[in-house]
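The structure appears below as structure tokens.
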Protein chains: 2
Amino acid sequence: MLSNTCKYAIRALIYLGKFSENGEKIGIKKIAGDLDIPTPFLGKILQNLVKQKILSSTKGPNGGFGLGKPAEEISLYDIVKTIDGEDFFKNCLISLEPCSTNHANGKPCAVHGRFSEVRNELMEFYSQTSIAKIIGDMKGHEELIKL
Amino acid sequence: MLSNTCKYAIRALIYLGKFSENGEKIGIKKIAGDLDIPTPFLGKILQNLVKQKILSSTKGPNGGFGLGKPAEEISLYDIVKTIDGEDFFKNCLISLEPCSTNHANGKPCAVHGRFSEVRNELMEFYSQTSIAKIIGDMKGHEELIKL
DNA sequence: CAAAAATAATACTAAAAAGTATTTATTTGA
DNA sequence: TCAAATAAATACTTTTTAGTATTATTTTTG
């Protein structure tokens with residue numbers, strides 16, 4: 001499962017993709033208030049995303065946060081990789097150590113084969129799902145969908 | 001991702017399914033040593049599984065742990081549910097609160113629809129994969145597979 | 001029946017994740 | 001140019017997860 005930090009990040013990115021039109025910034029208090037996330041905690045998270053160029057930010061009056069690149073180019077995979085690390089996708093299901101696919105370097109675990117199909121679908125889901133697609137899904141059902 | 005506790009539990013169950021023939025018990029020191037898990041920590045975990053009747057145990061000399069039911073009847077789903085809780089499967093991907101499927105009671109989140117397919121496959125995987133099947137997969141490749 | 005071998009139970013410590021508080025730096029606009 | 005508004009940085013606290021240590025209980029066997 002995703003960490004709280006990561007969930008907050010994804011929701012903030014969807015929010016920004018949806019409400020920050022052409023480069024205009026939204027202040028962290030508004031974002032945190034609307035999404036019901038502790039403000040300073042969200043601050044820390046977004047600062048991290050700014051460093052990774054996924055977000056951009058400006059200080060001072062009328063400052064705030066906005067997407068750092070087109071919403072089409074931000075996938076859930078990018079976000080999870082940045083926050084929870086690539087291990088989230090690569091870790092072995094039942095062991096603390098990584099699990100190799102082939103027997104040459106290291107052994108796979110006992111469920112490696114069975115799990116790999118689902119893992120591939122997961123990877124597919126995370127890398128194919130962009131902020132833009134998510135926002136597209138919401139079009140027309142805004143008030144029916146939880147943010 | 002599964003908790004360490006849960007990973008340890010799964011590996012111990014595979015181990016017991018594989019090495020404890022017809023009801024004979026294996027001591028916790030041997031299990032923990034072979035699987036490289038801290039002994040007292042594994043003890044706590046296995047005691048929990050005994051309470052849930054997934055394992056059985058006997059004290060005293062020649063005592064130890066063994067499966068509490070046929071390996072065919074123990075699925076990964078059962079184990080994860082017992083250790084990490086059913087929330088592991090039901091939780092919303094991007095929110096801390098649960099996420100309803102229909103709009104009648106509560107709103108689904110913005111990725112609910114897209115994620116539900118993968119989630120179903122995950123559920124399928126966890127509930128269809130039994131300890132018996134995993135052991136079956138290992139047959140003939142024991143020394144090539146990590147436990 | 002006593003001693004030894006094992007699990008069971010309980011209480012404690014350490015590390016990581018989540019969250020809070022405070023201070024600093026930057027930008028804008030009056 | 002100064003004050004206000006904002007993000008950035010840093011340090012701290014709380015909660016949860018992971019792991020350790022100790023003691024009690026049960027069972028077998030000499």
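First the proteins, then the strands, lettered A, B, ... as listed; each starts at 1. Values reported hereafter were calculated over all heavy atoms of this structure, with side chains retained and with hydrogens, waters and symmetry mates removed.
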- Distance in angstrom units between A/Lys30 NZ and D/dA7 C1', rounded: 18 Å

- Task: Verify side chain to side chain contact (heavy atoms under 4.5 Å, CB included) between B/Ile26 and B/Phe65, making sure each step is shown before the conclusion.
- Result: CA-CA 5 Å; B/Ile26 301 179; B/Phe65 294 89; over 6 Å; no

- Would you check if the side chain of B/Glu24 reaches a backbone N or O of B/Ser20 as a donor-acceptor pair within less than 3.5 Å? no

- Distance, rounded to the nearest Å, where A/Asn48 contributes CG and C/dA17 contributes C1': 14 Å

- Item | A/Glu142 (side chain) donor-acceptor with A/Gly140 (main chain) under 3.5 angstrom | yes

- Any side-chain heavy-atom pair of B/Lys133 and B/Gln128 under 4.5 Å: yes

- Query: How is A/Gly64 classified with respect to the nucleic acid when contacts are heavy atoms under 4.0 Å: base, sugar-phosphate, or nothing?
  - Reply: sugar-phosphate

- Query: Pick the nucleotide of DNA chain D nearest each of A/Phe65 and B/Pro38; which residue has the one closer to the 5' end?
  - Reply: A/Phe65

- Message: Distance check needed: D/dT15 C1' versus A/Asn4 CG, whole Å only.
- Response: 12 Å

- Contact class for A/Lys44 (heavy atom, under 4.0 Å): base, sugar-phosphate, or nothing? base

- Task: May I ask you to evaluate whether A/Tyr8 reaches the phosphate of C/dA18, defined as a side-chain N or O under 4.0 Å from OP1 or OP2?
- Result: no

- Query: Hey, mind stepping through B/Lys25 and B/Asn62 against side chain to side chain contact (heavy atoms under 4.5 Å, CB included) and telling me if it holds?
  - Reply: CA-CA 7 Å; B/Lys25 308 294 186 191; B/Asn62 307 315; over 6 Å; no

- Query: For DNA chain C, which residues in residues 77-94 of chain B have a heavy atom at a distance below 4.0 Å?
  - Reply: none

- Message: Using heavy-atom distances to pick each residue's nearest nucleotide on DNA chain C, tell me which of A/Gly60 and A/Leu2 is more 5'.
- Response: A/Leu2

- Just how far, in rounded Å, is P of D/dT20 from CD of B/Gln47? 15 Å

- Task: Rounded off to whole Å, could you give me the NZ-to-P distance for the B/Lys51 and C/dT7 pair?
- Result: 16 Å

- Scanning both residues in full, the closest heavy-atom pair of B/Ser95 with A/Arg11 reads CA-NE, 4.2 Å

- Query: After noting the C-alpha distance and the side-chain angles of B/Leu96 and A/Tyr8, does the key distance pass the side chain to side chain contact (heavy atoms under 4.5 Å, CB included) rule?
  - Reply: CA-CA 9 Å; B/Leu96 309 191; A/Tyr8 291 157; 3.2 Å; yes

- Task: Round to the nearest Å and state the distance from B/Lys59 atom NZ to D/dT23 atom P.
- Result: 17 Å

- Relative to the ring of B/Tyr126, is the ring of B/Phe89 parallel (under 30°), tilted (30 to 60°) or perpendicular (over 60°)? perpendicular

- Message: Looking at every non-hydrogen atom in both residues, tell me the closest pair between A/Met138 and A/Leu147 and how far apart they are.
- Response: CE-CG, 4.2 Å

- Item | Side-chain N or O of B/Asn62 closer than 4.0 Å to phosphate OP1/OP2 of D/dT27 | no

- Does a donor on one side chain and an acceptor on the other come within less than 3.5 Å for B/Glu86 and B/Tyr77? yes

- Query: Considering heavy-atom distances to DNA chain C, does B/Ile28 or B/Leu96 have its closest nucleotide positioned more toward the 5' end?
  - Reply: B/Ile28

- Check against side chain to side chain contact (heavy atoms under 4.5 Å, CB included), B/Ile131 and B/Ile79: CA-CA 10 Å; B/Ile131 296 296; B/Ile79 305 168; 4.0 Å; yes

- Task: Answer yes or no: is there a donor N or O on one side and an acceptor on the other, between the side chain of B/Lys7 and the main chain of A/Cys92, under 3.5 Å?
- Result: yes

- Item | Phosphate OP1/OP2 of D/dA18: any B/Thr5 side-chain N/O under 4.0 Å | yes

- Item | Close approaches to DNA chain C from residues 9-16 of chain B, in residue order (heavy atom, under 4.0 Å) | none

- Message: What's the angle between the local helix axes at either end of the helix from C/dC1-D/dG30 to C/dA30-D/dT1, using five pairs per end and rounding to 10 degrees?
- Response: 10°

- Length of the line joining A/Phe41:CZ and C/dA16:C1', which is rounded to integer Å: 12 Å

- Note on the structure: Separation of C/dA18 atom P from A/Ile45 atom CD1, nearest Å, is 9 Å

- Item | Phosphate contact (D/dA8 OP1 or OP2) by A/Ser57 side-chain N/O below 4.0 Å | yes

